[in-house]
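Each remark here refers to the structure printed beneath this line.
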Amino acid sequence: TGHRPDSGSELRGAVFYVFWKNDRAEIFLHTSGETLSKHGYRKIPGKAPMLEGLAAATIMATKWDRKSPFINPMCGSGTIAIEAVLLATNRKPGLFRTNYSFMHFIGYDQEVYRKELEIIRQQVTEVPDLIVTASDISEDAIEIAKANAGSAGVKDLIRFKQCDFADTFIHEDRPGVIYFNPEYGERLGDISELELTYARIGDFMKKKCRGYTGYVFTGNLELAKKIGLKASRRIEFYTARLDCRLFEYELYGGTRREVKQ
């Protein structure tokens, strides 16, 4: 066109990728633009947040039936609790996206897109008596989580509580899932302090969460040993290049012998 193209990192318009080596170039047209792993509701990321798509994937890997209580202590920016509600109520991630690369293509039909968007809006279902709890010791984290939940339209479906994770209310009459995503020293947290935190997480689940299924997502397998409970499953995930695990713990009622991993 006689003008230098914009080759910056902005993904708001039509997006092309060019792979150029020696005398050969390949051009790819990207239909989504911004990665679909970002679901579009998180306005305030908080500290070292989990990618929305990864959070949803880990929840889908649990045994949660999307009806029983889902408890998320140490919730941070609220991503896990929000994704739990989105899954339970069948709110598709596309509900929150307002811009895709394909919208800037010649021939884009806005009416077709509007009809498809209305279809997924009609698929939203309400779950009576759904209990999703998000707690964090940080007041700022709770406010950020509330703001993000508001952007996702699910703020009223999450019970927020500012407290130490050990003070999170557990619904003993309705066992469900308790999910931790603690710091693991890659970007946040002092290792010696985290060792104590992981030990406290294990103690809390063992004593206060009987009948639940517990999950801990971490990228530090050495810290995971400090939980002090025998994992029934270890599900592998990657966040960027970091090898992570989602540990599953069957928290049976009654007394149970503590077993080191």
Side-chain angles (χ1 to χ4, degrees), residues 11 34-62 64 66 69-89 91-99 130-169 177-190 193-194 197-198 200-201 204 214-220 223 237-240 242 244-247:
L11 302 175
E34 182 65 80
T35 173
L36 296 178
S37 295
K38 296 180 180 179
H39 290 169
Y41 60 79
R42 194 163 65 188
K43 306 305 179 184
I44 311 174
K47 297 179 179 179
M50 181 187 288
L51 198 63
E52 297 98 304
L54 176 61
T58 61
I59 295 170
M60 293 172 72
T62 72
W64 187 43
R66 306 185 189 183
F70 185 96
I71 315 298
N72 178 215
M74 307 174 77
C75 70
S77 59
T79 303
I80 291 169
I82 293 169
E83 290 294 333
V85 174
L86 299 184
L87 287 169
T89 59
R91 284 173 164 86
K92 299 295 194 297
L95 287 170
F96 315 106
R97 288 285 295 268
T98 58
N99 184 69
L130 177 66
I131 296 175
V132 175
T133 300
S135 68
D136 200 287
I137 197 170
S138 166
E139 181 180 0
D140 286 343
I142 291 296
E143 291 305 313
I144 289 172
K146 287 180 178 179
N148 289 332
S151 297
V154 297
K155 181 179 178 181
D156 294 339
L157 299 179
I158 301 175
R159 304 180 183 188
F160 295 97
K161 177 69 174 178
Q162 181 191 349
C163 65
D164 182 84
F165 72 80
D167 295 323
T168 303
F169 180 75
V177 159
I178 183 162
Y179 185 124
F180 286 88
N181 176 29
E183 299 169 1
Y184 39 86
E186 184 68 16
R187 289 180 287 178
L188 296 173
D190 176 81
E193 292 182 0
L194 288 176
T197 298
Y198 276 66
R200 288 183 62 220
I201 288 173
F204 172 71
Y215 293 90
V216 178
F217 182 85
T218 182
N220 192 317
L223 280 175
F237 286 93
Y238 276 88
T239 171
L242 189 61
C244 299
R245 295 291 185 280
L246 179 67
F247 291 90

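Here, residue 1 is the first one in the sequence, and each next residue gets the next number.
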Minimum heavy-atom distance between [X] and [Y], given as atom pair plus value:
X	Y	answer
Gly76	Ala145	O-CB, 3.7 Å
Ala55	Ile80	CB-CG1, 4.2 Å
Asp136	Cys75	OD2-N, 3.3 Å
Tyr238	Leu54	O-CD1, 4.2 Å
Thr168	Pro73	OG1-CB, 3.9 Å
Met74	Pro182	CE-CB, 3.9 Å

*Ser138 and Ile144: side chain to side chain contact (heavy atoms under 4.5 Å, CB included), yes or no, with the steps?*
CA-CA 10 Å; Ser138 166; Ile144 289 172; over 6 Å; no
_Test side chain to side chain contact (heavy atoms under 4.5 Å, CB included) on Met50 and Asn181; report intermediate values, then the result._
CA-CA 9 Å; Met50 181 187 288; Asn181 176 29; 3.5 Å; yes
*Output, in order, the C-alpha distance, side-chain angles, deciding distance and verdict of side chain to side chain contact (heavy atoms under 4.5 Å, CB included) for Phe204 and Phe180.*
CA-CA 11 Å; Phe204 172 71; Phe180 286 88; 3.8 Å; yes
I'd like to check [X] versus [Y] (side-chain heavy atoms, cut-off strictly below 4.5 Å). Are they in contact?
X	Y	answer
Phe165	Ile137	no
Glu183	Thr197	no
Lys92	Arg97	no
Val216	Ile201	yes

*Who passes salt bridge (Lys or Arg N to Asp or Glu O under 4.0 Å) against Asp164, sequence neighbours left out?*
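Scan of Asp164 (salt bridge (Lys or Arg N to Asp or Glu O under 4.0 Å), adjacent residues dropped) gives Arg200.
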*Mind checking what makes salt bridge (Lys or Arg N to Asp or Glu O under 4.0 Å) contact with Glu34, not counting sequence neighbours?*
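Counting only residues at least two positions away or on another chain, Glu34 forms a salt bridge (Lys or Arg N to Asp or Glu O under 4.0 Å) with Lys38.
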Residues which pass side chain to side chain contact (heavy atoms under 4.5 Å, CB included) with [X], listed by chain and number, not counting sequence neighbours:
X	answer
Leu157	Val85, Thr89, Arg91, Glu126, Val154
Ala147	Ile44
Phe169	His171

_Pairs meeting criterion side chain to side chain donor-acceptor pair (under 3.5 Å) with involvement of residues 73-83, two or more places apart_ =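 Residue pairs with at least one partner in residues 73-83: His39-Glu83, Tyr41-Glu83, Arg42-Thr79, Ser77-Thr79.
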*Which residue pairs pass the side chain to side chain donor-acceptor pair (under 3.5 Å) test when at least one of the two sits in residues 144-163, sequence neighbours left out?*
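Those involving residues 144-163 do not exist here.
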Measuring from [X]:[atom1] to [Y]:[atom2], what's the distance to the nearest 0.5 Å?
X	Y	atom1	atom2	value
Ile178	Asn72	CD1	CG	8.5 Å
Thr35	Glu52	OG1	CD	9.0 Å
Leu223	Tyr184	CG	OH	11.0 Å

For [X], give me all partners under ring-ring contact (aromatic ring centres under 6.0 Å, His included), at least two apart in sequence or on another chain.
X	value
Tyr179	none
Phe160	none
Phe217	none

*Residues two or more places apart in sequence or in another chain: which of them pass side-chain hydrogen bond (donor to acceptor under 3.5 Å, both in side chains) with Asp140?*
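Per chain and number, Asp140 pairs via side-chain hydrogen bond (donor to acceptor under 3.5 Å, both in side chains) with no residue.
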*Thr62: what forms a side-chain hydrogen bond (donor to acceptor under 3.5 Å, both in side chains) with it, not counting sequence neighbours?*
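Once residues adjacent in sequence are excluded, Thr62 has no partner under the side-chain hydrogen bond (donor to acceptor under 3.5 Å, both in side chains) criterion.
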_Mutual orientation of the aromatic rings belonging to Phe70 and Trp64 [parallel < 30°, tilted 30-60°, perpendicular > 60°]_ =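 Correct class here is tilted.
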_Set out, in order, the CA-CA distance, both residues' side-chain angles and the distance that settles side chain to side chain contact (heavy atoms under 4.5 Å, CB included) for Ile158 and Ile82, then state yes or no._
CA-CA 8 Å; Ile158 301 175; Ile82 293 169; 4.0 Å; yes
